Q: 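Shown below is the structure under consideration.
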Number of protein chains: 2
Amino acid sequence: MAVDTALLTLDPAEPELMVLQVRRADAGWGLPGTFLHPGERLADAVERSLQDKADVRGLRPRQLHVYDDPGRDSRGWALSVAHVEVVPIRRLDSRRPGQTRLVAVARPGRLRYGHAEIIARAVEHVRDRYAEQPDPGHLLGRQFTLGELHRVHQAVAGRPLQRDGFRRLMKPLLRPTGHLVTRTGGRPAELFRRT
Amino acid sequence: MAVDTALLTLDPAEPELMVLQVRRADAGWGLPGTFLHPGERLADAVERSLQDKADVRGLRPRQLHVYDDPGRDSRGWALSVAHVEVVPIRRLDSRRPGQTRLVAVARPGRLRYGHAEIIARAVEHVRDRYAEQPDPGHLLGRQFTLGELHRVHQAVAGRPLQRDGFRRLMKPLLRPTGHLVTRTGGRPAELFRRT
DNA sequence: TGAATAGTGTCTCTGAGACATTATTTA
DNA sequence: TAAATAATGTCTCAGAGACACTATTCA
């Protein structure tokens with residue numbers, strides 16, 4: 001019994017969803033994963049694998065699907081529970097260089113063990129969540145402007161989102177702080193928090 | 001590693017979703033389930049457990065969630081992959097009397113191993129599917145009238161669905177057969193098929 | 001003819017798409 | 001003042017809710 005995790009993040013330079021990959025024992029790249037210890041919970045195994053490979057903690061991975069194809073892993077019969085998690089890129093700063101990489105989800109490379117399918121499912125899941133909630137993965141901090149939220153959601157969605165429609169959808173889901181910020185050289189923007 | 005299945009059906013007499021329960025070794029009632037054989041696929045284990053306990057075959061169970069609470073099963077550490085399937089009640093005719101029962105999903109009884117939670121999740125899943133597609137679980141046969149479809153969907157949803165709104169939603173998703181039937185003592189109804 | 005069921009028409013309200021306009025800052 | 005960004009206004013269209021009306025059968 002194993003767990004595999006698609007850990008997604010955003011690189012501010014590249015307005016596109018990225019997935020963390022780790023170097024595997026067989027020299028290829030793949031998703032971080034591990035075998036379950038006896039009595040261990042799935043979420044703990046996910047956290048353990050990410051801590052070992054990317055030094056990230058305090059996650060709340062979500063189950064996606066159980067992959068049970070017997071021919072999936074040539075080393076033997078092993079079920080894998082695929083998970084997804086979203087994390088701001090600054091929390092990946094301490095990951096091991098050379099042993100990990102961030103790859104655009106649209107071009108994950110040739111991966112074994114059905115990992116490309118897991119990534120596709122993870123992206124779909126995250127996009128569905130972002131379509132309904134303002135930044136549920138906390139890619140932004142506690143406070144942000146609607147413009148910043150708009151850019152993050154466009155990057156997650158992988159396509160432009162209409163500006164005014166987006167504002168109308170999200171504004172009732174946010175709590176205004178009453179403060180204004182000028183960060184960009186335009187009219188000051190109102191700061192919001194999640195509710 | 002185990003599988004458990006919430007097998008849902010409709011009793012024409014009771015316009016409410018029912019779930020199949022089986023008598024367990026400890027004399028209580030629960031969902032049908034089994035332990036996975038080495039190398040066996042999850043769908044095959046589900047089918048095997050339902051065949052043994054309710055004599056139903058040819059199913060396409062869908063994964064719901066993996067339950068991994070270590071204290072879930074007092075007999076030892078076992079993960080369970082919950083599944084859901086919908087089946088017309090006539091296919092349950094040959095199930096073992098005394099060893100099985102059909103219970104309204106709203107009143108599943110006091111179940112162990114978190115089976116009540118599985119049922120709740122299964123019902124939610126099935127209701128979501130029925131909100132978008134005409135009878136995806138094939139509770140009706142190949143041909144049916146919009147009135148029959150309406151009654152089935154109301155029973156699945158557990159609440160009244162507006163008649164004309166339902167028709168407008170479903171009609172473009174159906175293929176008319178061109179035939180009329182008089183089954184109820186009113187104006188003859190048009191027969192439709194799934195697309 | 002009346003009850004029961006099937007099928008259609010239409011009004012309103014809401015929400016999304018699309019576009020335009022105003023507001024405030026920096027260079 | 002021009003460019004950039006933020007915020008708001010408004011027109012239209014599609015879909016859902018709600019209600020009314022017509023059609024056809026059986027008792």
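To find a chain, count down the sequence lines: A is the first, B the second, and so on, and within it residues start at 1. Bear in mind the structure is a predicted one, so any value in this text is a computation, not a measurement.
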Q: Give a yes or no on whether the backbone of B:Gly58 and the side-chain of B:Glu47 come within a donor-acceptor separation of less than 3.5 Å.
A: yes

Q: Does A:Leu169 or B:Arg163 map to a spot on DNA chain C nearer the 5' end, using the closest nucleotide for each?
A: B:Arg163

Q: Under 6.0 Å from the CZ atom of B:Arg90, do we count more than 12 heavy atoms belonging to anything else shown?
A: yes

Q: Before we go on, tell me: are the rings of B:Tyr67 and B:His65 under 6.0 Å apart, centre to centre?
A: yes

Q: Is any NZ, NE, NH1 or NH2 atom of the basic residue among A:Arg112 and A:Asp26 found under 4.0 Å from an Asp or Glu carboxylate oxygen of the other?
A: yes

Q: Report yes if a side-chain nitrogen or oxygen of B:Lys171 is closer than 4.0 Å to either non-bridging phosphate oxygen (OP1 or OP2) of C:dT8; otherwise report no.
A: yes

Q: Taking the side chain of B:Arg168 as heavy atoms from C-beta outward, which of D:dT5, C:dG7, D:dA18 is closest to it?
A: D:dA18

Q: When we call it a touch if two heavy atoms are under 4.0 Å apart, what does B:Gly185 touch: a base, just sugar-phosphate, or nothing?
A: base

Q: Mind listing the residues from residues 188-195 of chain B sitting with a heavy atom below 4.0 Å of DNA chain C? Number order is fine.
A: B:Pro188, B:Ala189, B:Glu190

Q: Quick one: A:Arg187 CZ to D:dA6 P, roughly how many Å, whole number?
A: 10 Å

Q: Specify the separation, in whole Å, of atom CE of B:Met170 and atom P of C:dT8.
A: 17 Å

Q: Assess, by modelled atom type and distance only, whether the side chains of A:Tyr130 and A:Asp135 contain a donor and an acceptor separated by less than 3.5 Å.
A: yes

Q: Whole angstrom is fine here: how far is it from CZ in A:Arg183 over to C1' in C:dT24?
A: 16 Å

Q: Is a side-chain N or O of A:Glu85 found less than 3.5 angstrom from the main chain of A:Leu59, in a donor-acceptor match?
A: no

Q: Can you tell me the distance, in whole Å, between the CG atom of B:Leu174 and the C1' atom of C:dG7?
A: 15 Å

Q: Quickly work out the B:Glu132 CD to D:dA16 P distance and round it to whole Å.
A: 12 Å

Q: Does a salt bridge link B:Glu124 with B:Arg129, judged by any charged N lying under 4.0 Å from a carboxylate O?
A: no

Q: Could you tell me how far apart B:Phe166 (CZ) and C:dA6 (C1') are, to the nearest whole angstrom?
A: 14 Å

Q: Take A:Gly186 and A:Arg167, find for each the nucleotide of DNA chain D with the closest heavy atom, and name the residue whose nucleotide sits nearer the 5' end.
A: A:Gly186

Q: Side chain of B:Gln162 only, please: which of D:dA18, C:dG7, C:dT22 is the nearest?
A: D:dA18

Q: Calculate the interatomic distance between B:Leu180 atom CG and C:dA6 atom P; express it in whole Å.
A: 12 Å

Q: Can you measure B:Leu149 atom CG to C:dT5 atom C1' for me and round it to whole angstrom units?
A: 16 Å

